Protein chains: 2
Amino acid sequence: MPNDIALDAIDRTILRDLQDDGRMTNVELARRAGLTAPPCLRRVRALEEAGVIEGYHAKLNSGALGYGITVFALVSLRSQAEDDLRLFEQHVAELAEVRECHMLNGEIDFILKIVAHDLQGFQQFLTSKLTTAPNVASVKTSLTIRTSKDVPGIPVDAA
Amino acid sequence: MPNDIALDAIDRTILRDLQDDGRMTNVELARRAGLTAPPCLRRVRALEEAGVIEGYHAKLNSGALGYGITVFALVSLRSQAEDDLRLFEQHVAELAEVRECHMLNGEIDFILKIVAHDLQGFQQFLTSKLTTAPNVASVKTSLTIRTSKDVPGIPVDAA
DNA sequence: GCTGAAAATACCTAGTA
DNA sequence: TACTAGGTATTTTCAGC
């Protein structure tokens, strides 16, 4: 939504630093941005208010929490009518195992990122909650062997 | 790596809260966990030290920063020898447009999440930096129409 | 700049092997 | 007793006005 927000170089510096370290203190943030603390804090609040900053989150180690399995599922539906697409999105919205759901163009309608404790848990999820969902024509799944890159967010250019 | 860390219910509460709000103050974190501030802070530091908490990041609105395009690329290589897999991973590690790189089982070797400012920028990236990379046999790309779910992290059960 | 709150350190206490 | 984990007190730093 916030496509009309004008971001100057200072804003971009702030955003880059907060994307990199979401717990950076405001004074450090201000120092890097070349500001004193109060105007820096005002900018951060404005960026939050405008929805440019959507939230702050700790990145947790999946394996340490017992989620050893990450799977990508390529889903095709029988009907691509908007109502049916929405229904599928609502269905996966309620599944905690599904962390991401992106609608795609082309033959594949959706790509899902799914986490599970182990293969058994994933298979059970797949057969009981995904392939049996209404309107699902086909599901192709691929296990993640390893993740070599997972950079949070997007590039924030200095300019 | 940290697969042998024992996490009790208090740790899980802390992790869930920090995953949900990475800038929560330590006193609030402690209050929710049923602790006073100092032992809570010690737990957080220990979790960071052990690598259970990998970092803190602000989640930014892609569109507001001019990244209107998200693409998933399914990449197959000619050789799946470990050295060749590593070389490909090293190649994409240097590409800022590539935010995620997961090695998969099956016919597809890698799935990449790629961001770009617009379609032109993406096409240029694709032809100049991805399909021409050494050892790449095929690249199938799918544009993201919309993202209906993008939950940070993983489910953290109370138990 | 100023004020109240939080972070961070040092130190103390209780339970357990 | 040594070890582990939480609590108390104090100082320093930061958030917010």
Side-chain angles (χ1 to χ4, degrees), chain A residues 1-2 5-67 152-153 156 158, chain B residues 1-61 64-65 152-159:
Chain A
M1 291 87 177
I5 310 291
L7 301 172
D8 64 15
I10 294 177
D11 289 322
R12 288 176 184 273
T13 302
I14 290 171
L15 291 171
R16 180 158 31 79
D17 288 339
L18 281 177
Q19 181 171 260
D20 190 54
D21 176 8
R23 282 189 78 93
M24 185 177 292
T25 64
N26 183 57
V27 293
E28 174 66 8
L29 205 59
R31 194 188 63 73
R32 289 168 180 247
L35 294 175
T36 55
C40 184
L41 187 62
R42 278 195 295 272
R43 280 173 181 261
V44 172
R45 292 286 175 271
L47 291 166
E48 291 168 354
E49 195 71 23
V52 179
I53 297 174
E54 297 179 341
Y56 303 89
H57 306 282
K59 187 177 178 188
L60 306 182
N61 183 296
S62 306
L65 281 144
Y67 282 90
V156 180
Chain B
M1 291 87 174
N3 255 322
D4 50 352
I5 309 292
L7 301 173
D8 63 15
I10 296 176
D11 288 322
R12 288 176 185 275
T13 302
I14 290 171
L15 291 171
R16 180 158 31 78
D17 288 339
L18 280 178
Q19 181 172 263
D20 190 54
D21 177 6
R23 282 188 79 94
M24 185 177 291
T25 64
N26 182 59
V27 294
E28 173 65 9
L29 206 59
R31 194 188 63 73
R32 290 167 180 246
L35 291 176
T36 54
C40 183
L41 187 61
R42 281 196 291 268
R43 278 174 182 263
V44 173
R45 292 284 175 271
L47 291 166
E48 291 168 353
E49 195 71 23
V52 179
I53 298 173
E54 297 179 340
Y56 303 89
H57 306 282
K59 187 177 179 189
L60 306 182
N61 183 297
L65 281 145
I154 51 178
V156 179
D157 319 306

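In the text below, chain A, chain B and the rest are named by the order of the sequence lines, each starting its count at 1. This one's a predicted model, so the numbers in the text were calculated from it and none came from an experiment. As a basis for the values below, the full set of heavy atoms in this structure was taken, side chains included, without hydrogen atoms, waters or symmetry mates.
- Close approach of DNA chain D to chain B, defined as any atom under 4.0 Å from a non-hydrogen atom of the protein, starts and stops at D:dG6 to D:dA9.
- Residue contacts for B:Arg43: at a heavy-atom cut-off of 4.0 Å it reaches the sugar-phosphate backbone alone, with no base atom in range.
- Salt bridge A:Arg16/A:Asp21: absent, no basic N to carboxylate O contact under 4.0 Å.
- Using a 4.5 Å heavy-atom cutoff, the side chains of B:Leu7 and B:Arg43 are not in contact.
- Proximity of residues 31-38 of chain B to DNA chain C (heavy atom under 4.0 angstrom from any strand atom) is restricted to B:Pro38.
- No salt bridge links A:Glu49 with A:Arg45; every basic N to acidic carboxylate O contact stays at or beyond 4.0 Å.
- Salt bridge absent: A:Asp17 and A:Arg31 never bring a charged side-chain N and a carboxylate O closer than 4.0 Å.
- Here CG of B:Leu18 is found 8.0 Å from CD of B:Glu48. Values are rounded to the nearest 0.5 Å.
- When rounded to the nearest whole Å, the span between CE of A:Met24 and C1' of C:dA7 equals 17 Å.
- Atom CZ of A:Arg23 and atom P of C:dA7 are 7 Å apart (whole Å).
- Side-chain atoms of A:Ile53 and A:Gln19, non-hydrogen and from C-beta on, never get closer than 4.5 Å to each other.
- Spacing between atom CG of A:Leu41 and atom C1' of C:dA6 amounts to 15 Å, rounded to whole angstrom units.
- Distance check, rounded to the nearest 0.5 Å: CG of B:Leu15 to CG of B:Leu47 gives 5.0 Å.
- Using modelled atom types, no side-chain atom of A:Arg32 and backbone atom of A:Ile14 make a donor-acceptor pair closer than 3.5 Å.
- Heavy atoms of A:Arg45 sit under 4.0 angstrom from primed sugar atoms or phosphate atoms, though from no base atom.
- One atom, CG of B:Asn26, and another, P of C:dA6, lie 10 Å apart when rounded to the nearest Å.
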